[in-house]
Trainee: 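Below are the structure tokens for one structure; questions will follow.
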Number of protein chains: 2
Amino acid sequence: MLDATSSYNPMDLRIPVADRTGHRTVPETTRRSDRIPGTRYGNRPTMKDVAARAGVGLKTVSRVVNGEPGVTPETERRVQEAIEALGFRRNDSARVLRKGRTASIGLVLEDLADPFYGPLSRAVEEVARAHGALLINGSSAEDADREQELVLALCARRVDGLVVIPAGGDHRYLEPELKAGVATVFVDRPAGHIDVDVVVSDNFGGARDGVSHLLAHGHRRIGFIGDMPRIHTAAERLRGYRTAMEDAGIAVEDAWMSLGVTDPERVRRAAEEMLSGPEPVTAIFTGNNRVTVTVIRVLAGHTRQVALVGFDDIELADLLQPGVTVVAQDAAALGRTAAERLFRQLDGTLLAPERIELPTRLITRGSGELPPAD
Amino acid sequence: MLDATSSYNPMDLRIPVADRTGHRTVPETTRRSDRIPGTRYGNRPTMKDVAARAGVGLKTVSRVVNGEPGVTPETERRVQEAIEALGFRRNDSARVLRKGRTASIGLVLEDLADPFYGPLSRAVEEVARAHGALLINGSSAEDADREQELVLALCARRVDGLVVIPAGGDHRYLEPELKAGVATVFVDRPAGHIDVDVVVSDNFGGARDGVSHLLAHGHRRIGFIGDMPRIHTAAERLRGYRTAMEDAGIAVEDAWMSLGVTDPERVRRAAEEMLSGPEPVTAIFTGNNRVTVTVIRVLAGHTRQVALVGFDDIELADLLQPGVTVVAQDAAALGRTAAERLFRQLDGTLLAPERIELPTRLITRGSGELPPAD
DNA sequence: TAGAGCCTGGACAACGTTGTCAGGCTCGGG
DNA sequence: CCCGAGCCTGACAACGTTGTCCAGGCTCTA
């Protein structure tokens with residue numbers, strides 16, 4: 001675990017989930033001595049200091065800093081000089097306190113390091129930037145408590161809006177925030193027990209199409225390896241798989257399906273099992289990018305050709321032998337759509353919450369077109 | 001361009017770079033009507049409201065919310081009830097204003113969507129979390145003005161510290177911030193004209209080792225394709241290349257080196273040129289992950305075998321034919337090291353700024369071991 | 001030249017929280 | 001019965017900024 005024993009810990013984020021108020025009940029641990037009275041903000045100059053130095057009133061400085069009219073060029077020059085000389089920088093905390101808007105939005109996702117979330121996050125950031133807002137983000141690590149903790153910490157900072165890729169299934173804890181006017185959009189997965197905007201991919205349809213593609217190339221025994229079933233996307237993709245199979249008149253066997261953590265070891269075992277025995281699968285549909293990568297590795301170690309279609313595109317998929325056929329979703333579009341909706345909520349131009357579903361796209365590259373090898 | 005014509009734009013971040021005060025001189029565009037006087041924060045309850053409802057004093061509520069001692073269980077219960085009933089959430093802006101610390105750090109990087117920065121960002125976040133701080137981040141898109149704009153916006157929010165992957169080369173604009181005690185660490189690339197902590201990879205040594213590897217396999221005509229020379233990492237890697245070549249007694253020809261944007265089209269052209277003509281290169285050293293990916297695509301279209309070593313590891317590199325030999329740097333370690341140093345600055349346990357260089361690792365997978373094919 | 005109107009600048013309160021400090025209560029002992 | 005000690009509680013000021021409002025000086029016109 002990381003070292004957190006040092007003395008910097010100005011505001012502990014770890015909120016006991018039982019109480020939802022954003023406060024802490026645990027006693028303080030060692031912490032940095034409080035600010036010496038009289039020193040403000042590491043001695044940062046304030047508007048008062050600037051005013052004193054420029055020989056003008058406080059409000060005049062405010063006017064200059066905010067580009068408000070009603071200041072003579074000469075006065076403005078004097079103020080600017082003082083600002084430069086003192087290295088003054090407006091304190092946005094105070095500004096926020098006064099104005100009520102923070103010009104920042106929060107993004108809670110599963111893992112910033114996942115190649116799927118990078119572009120999504122970037123897209124949200126671009127939209128935020130276009131609206132003059134900053135992005136604060138945090139990773140939930142697929143842990144519902146941590147998600148709630150993060151969301152509430154963001155609310156305590158009074159973000160104007162939240163984009164959430166939920167880890168948990170119950171979001172009633174957000175009700176007071178919604179009532180208070182925090183714009184909220186869920187992405188990638190729906191919200192539980194609250195009525196908010198949701199932007200998702202067509203996970204069901206995408207998976208069905210991907211599996212149908214395998215069926216069209218003659219496969220009957222097709223395996224499915226996916227994420228934990230409590231995750232909505234995983235469940236939907238499994239449903240797509242089952243539907244495609246049923247529509248083709250195939251009775252799905254339990255041994256063909258494996259759901260669980262996307263840890264390489266688990267996935268590897270699942271794949272090996274499906275590929276062994278008297279009646280091994282001849283094709284595998286993988287439920288997300290991490291699973292796909294691991295299965296590619298497994299298949300590379302086998303001599304028998306096994307067809308593969310994966311959910312989520314992966315880099316270099318086209319250069320492998322054979323190229324990896326995938327059901328691609330547009331992560332950037334998910335993020336962009338969600339963020340745009342968020343700002344429309346803030347505009348007031350948006351009325352009832354809606355569920356938006358973005359299409360997926362089957363990209364054929366070879367691995368899905370292999371015929372059954374038995 | 002993104003739509004920013006809507007009315008939500010509470011605090012424009014776009015600061016004219018000429019003036020460094022965090023204020024705006026452009027006249028206001030349309031903007032949301034100011035808060036109706038009397039309504040506070042979308043009618044969010046405050047401690048005062050909680051106090052009134054619980055029939056206690058303001059400070060008692062504060063004590064309960066912050067888990068301070070000196071409140072009877074009965075009083076605490078009443079306060080908790082009121083908190084629950086009103087959906088109260090502490091306003092951290094006010095808290096920050098009072099306490100002087102924001103418990104947040106800023107991260108400015110080039111592009112969140114780049115697979116190199118995802119893990120770095122995540123590592124910074126983990127360290128921040130361990131110290132009870134939130135992460136605010138922004139992408140500079142390799143634009144110096146945008147970097148400055150972002151950094152200053154973060155400073156206006158009074159982040160406690162900054163982790164910066166610089167785009168620009170001059171950071172004197174940070175001097176007032178440093179003086180004011182904003183902890184600062186530069187990562188991946190050094191800072192310009194200011195004395196701060198820097199954490200970088202051994203770009204020079206890594207590139208030299210990678211090129212030496214090619215030399216050891218008999219190559220003499222080795223090409224180098226890298227990022228723009230004004231980017232420190234690109235320049236260092238080029239220097240590593242030249243040093244390795246010179247140490248081997250080879251006079252580097254201009255036609256072997258190509259530096260510029262990592263746009264696939266430019267890289268593709270550069271590679272094609274090196275591979276054509278009477279004396280084509282027999283091996284290529286690529287300066288970063290994006291270049292490597294494009295060059296792999298180019299080489300896949302050629303029949304002649306060309307050796308390749310790339311800077312930065314890339315996913316699935318082991319599964320290509322041949323596997324891609326790379327000089328890997330540890331993005332997560334860069335982020336972790338930088339963030340840990342940042343918090344040590346905030347602790348006060350850190351003295352003089354330092355430059356930390358992390359080693360790189362040559363991972364051989366085949367592409368670098370191909371013999372010259374002429 | 002007086003009065004009206006405009007322009008500039010500044011005093012003041014408020015935003016929601018926390019640190020300081022003092023007052024009131026209970027309880028036990030003299 | 002009174003007093004002091006110790007524990008709870010709350011009044012108040014301050015953090016830095018911005019919106020409101022008013023004062024004073026200027027220009028322009030009658």
Side-chain angles (χ1 to χ4, degrees), chain A residues 10-11 21-23 28 33-52 54-76 78-79 88-102 156-158 180, chain B residues 10-11 22-23 28 33-52 54-76 78-79 86 88-102 156-158 180:
Chain A
M11 263 187 233
T21 61
H23 80 260
E28 311 256 317
S33 63
D34 280 310
R35 200 156 46 91
I36 304 111
T39 37
R40 19 178 174 57
Y41 278 91
N43 289 320
R44 280 209 95 118
T46 70
M47 286 193 178
K48 205 162 144 190
D49 301 323
V50 174
V56 301
L58 188 54
K59 181 63 209 202
T60 300
V61 176
S62 172
R63 272 194 272 262
V64 171
V65 168
N66 292 292
E68 288 169 22
V71 182
T72 41
E74 163 57 16
T75 309
E76 163 147 16
R78 284 223 313 286
V79 172
F88 167 80
R89 213 84 82 197
R90 178 177 68 195
N91 183 332
D92 276 352
S93 282
R95 177 171 222 246
V96 159
L97 182 59
R98 191 64 234 267
K99 302 198 81 143
R101 282 270 167 120
T102 56
R157 286 180 203 223
R158 296 294 187 267
Chain B
M11 261 186 235
H23 81 260
E28 311 256 318
S33 63
D34 278 310
R35 200 156 46 92
I36 303 111
T39 37
R40 19 178 175 59
Y41 277 92
N43 289 321
R44 282 209 94 121
T46 70
M47 286 193 177
K48 204 163 145 188
D49 301 322
V50 174
V56 300
L58 188 55
K59 181 63 208 203
T60 301
V61 176
S62 171
R63 271 193 273 261
V64 171
V65 168
N66 293 291
E68 288 169 23
V71 182
T72 41
E74 163 58 14
T75 310
E76 164 148 16
R78 284 220 315 284
V79 172
L86 297 174
F88 167 80
R89 212 82 83 200
R90 177 177 68 195
N91 184 331
D92 277 352
S93 282
R95 178 170 221 246
V96 159
L97 181 59
R98 190 65 233 268
K99 302 198 78 142
R101 281 271 167 119
T102 57
R157 287 183 202 223
R158 297 293 187 268

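Residue numbers start from 1 in every chain, and the chains themselves are labelled A, B, ... in the order their sequence lines are given, proteins ahead of strands. Worth knowing before you read on, the calculation uses all heavy atoms, side chains too, and leaves out hydrogens, waters and symmetry mates.
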Trainee: Using the side-chain heavy atoms of A:F88, tell me which of these nucleotides is nearest: C:dT17, C:dG16, D:dT17.
Mentor: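 Between C:dT17, C:dG16, D:dT17, the one nearest the side chain of A:F88 would be D:dT17.
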
Trainee: Take A:V56 and A:R78 through the test side chain to side chain contact (heavy atoms under 4.5 Å, CB included) and record every step on the way to the result.
Mentor: CA-CA 9 Å; A:V56 301; A:R78 284 223 313 286; 3.5 Å; yes

Trainee: Checking contacts here: which listed nucleotide (C:dG10, C:dG19, D:dT17) is nearest the side-chain heavy atoms of B:K59?
Mentor: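 Looking only at heavy atoms from C-beta outward on B:K59, the closest nucleotide is C:dG19.
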
Trainee: By nearest atom, which of the nucleotides D:dA11, D:dG19, C:dG9 is closest to the A:T75 side chain?
Mentor: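 Of all the options, the side chain of A:T75 is nearest to C:dG9.
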
Trainee: Are any of A:T72's side-chain N or O atoms less than 4.0 Å away from OP1 or OP2 of C:dG9?
Mentor: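 Yes, A:T72 has a side-chain N/O under 4.0 Å of OP1/OP2 on C:dG9.
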
Trainee: Whole Å only: how far is the CG atom of A:L97 from the P atom of D:dC15?
Mentor: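 In whole Å, D:dC15 P lies 14 Å from A:L97 CG.
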
Trainee: Output the rounded distance in Å from CZ (A:R158) to C1' (C:dC15).
Mentor: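 Result: 12 Å.
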
Trainee: If you only use heavy atoms from C-beta on, which nucleotide in C:dC15, D:dT17, C:dT17 is closest to the side chain of B:R90?
Mentor: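 The answer is C:dT17.
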
Trainee: Please tell me which of A:K48 and B:G70 maps to the more 5' nucleotide of DNA chain D, matching each residue to the nucleotide holding its nearest heavy atom.
Mentor: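 Of the two residues, B:G70 wins.
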
Trainee: Please walk me through it: do B:T102 and B:R157 pass side chain to side chain contact (heavy atoms under 4.5 Å, CB included)?
Mentor: CA-CA 8 Å; B:T102 57; B:R157 287 183 202 223; over 6 Å; no

Trainee: Taking the side chain of A:K99 as heavy atoms from C-beta outward, which of D:dT17, C:dT17, D:dG19 is closest to it?
Mentor: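 Nearest nucleotide to the side chain: D:dG19.
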
Trainee: Give a yes or no on whether a donor-acceptor pair under 3.5 Å exists between the nucleobase atoms of C:dG16, that is its base, and the side chain of B:R44.
Mentor: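 Not at all, since no donor on one side and acceptor on the other fall under 3.5 Å apart.
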
Trainee: Expected output check: what is the dot-bracket annotation of DNA chain C, where ( ) and [ ] are pairs inside the strand (brackets for crossing ones), | is paired with another strand, and pairs are Watson-Crick or G-U under 3.5 Å?
Mentor: ||||||||||||||||||||||||||||||

Trainee: Stepwise, does the side chain to side chain contact (heavy atoms under 4.5 Å, CB included) test hold for B:M47 with B:V65?
Mentor: CA-CA 9 Å; B:M47 286 193 177; B:V65 168; 4.1 Å; yes

Trainee: Please state whether the phosphate of D:dG10, meaning OP1 or OP2, lies under 4.0 angstrom from any side-chain nitrogen or oxygen of B:T60.
Mentor: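 So the side-chain polar atoms of B:T60 do come within 4.0 Å of the phosphate oxygens OP1 or OP2 of D:dG10, strictly under.
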
Trainee: Quick check for you: among C:dT17, C:dG19, D:dC15, whose closest atom lies nearest to any side-chain atom of B:R95?
Mentor: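 Nearest to the side-chain atoms of B:R95, counting from C-beta on, is C:dT17.
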
Trainee: Quick check: does any side chain N or O of B:R63 sit under 3.5 Å from a backbone N or O of B:E68, one acting as donor and the other as acceptor?
Mentor: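 The answer is no, because no donor-acceptor pair under 3.5 Å joins these two groups.
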
Trainee: Is any N or O donor-acceptor pair between the side chain of B:R63 and the base of C:dG19 shorter than 3.5 Å?
Mentor: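 Not at all, since no donor on one side and acceptor on the other fall under 3.5 Å apart.
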
Trainee: For B:A94 and B:G57, take the nucleotide of DNA chain D holding the closest heavy atom to each; which residue's nucleotide lies nearer the 5' end?
Mentor: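 Closer to the 5' end of DNA chain D: B:G57.
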
Trainee: Just compare C:dG10, D:dG19, D:dT18 and give me whichever is closest to any side-chain atom of A:E68.
Mentor: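 The answer is D:dG19, which lies nearest to the side chain.
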
Trainee: Report the distance from atom CG of B:L58 to atom P of D:dA14, rounded to the nearest whole Å.
Mentor: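 Rounding to the nearest Å, CG of B:L58 and P of D:dA14 are 16 Å apart.
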
Trainee: I need the CG-P distance between A:N91 and C:dG16, as an integer number of Å.
Mentor: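 My rounded result for the distance is 17 Å.
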
Trainee: Please determine, for the side chain of A:T46, which listed nucleotide (C:dG16, C:dG10, D:dT17) has the closest atom?
Mentor: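 From the listed options, D:dT17 comes nearest.
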
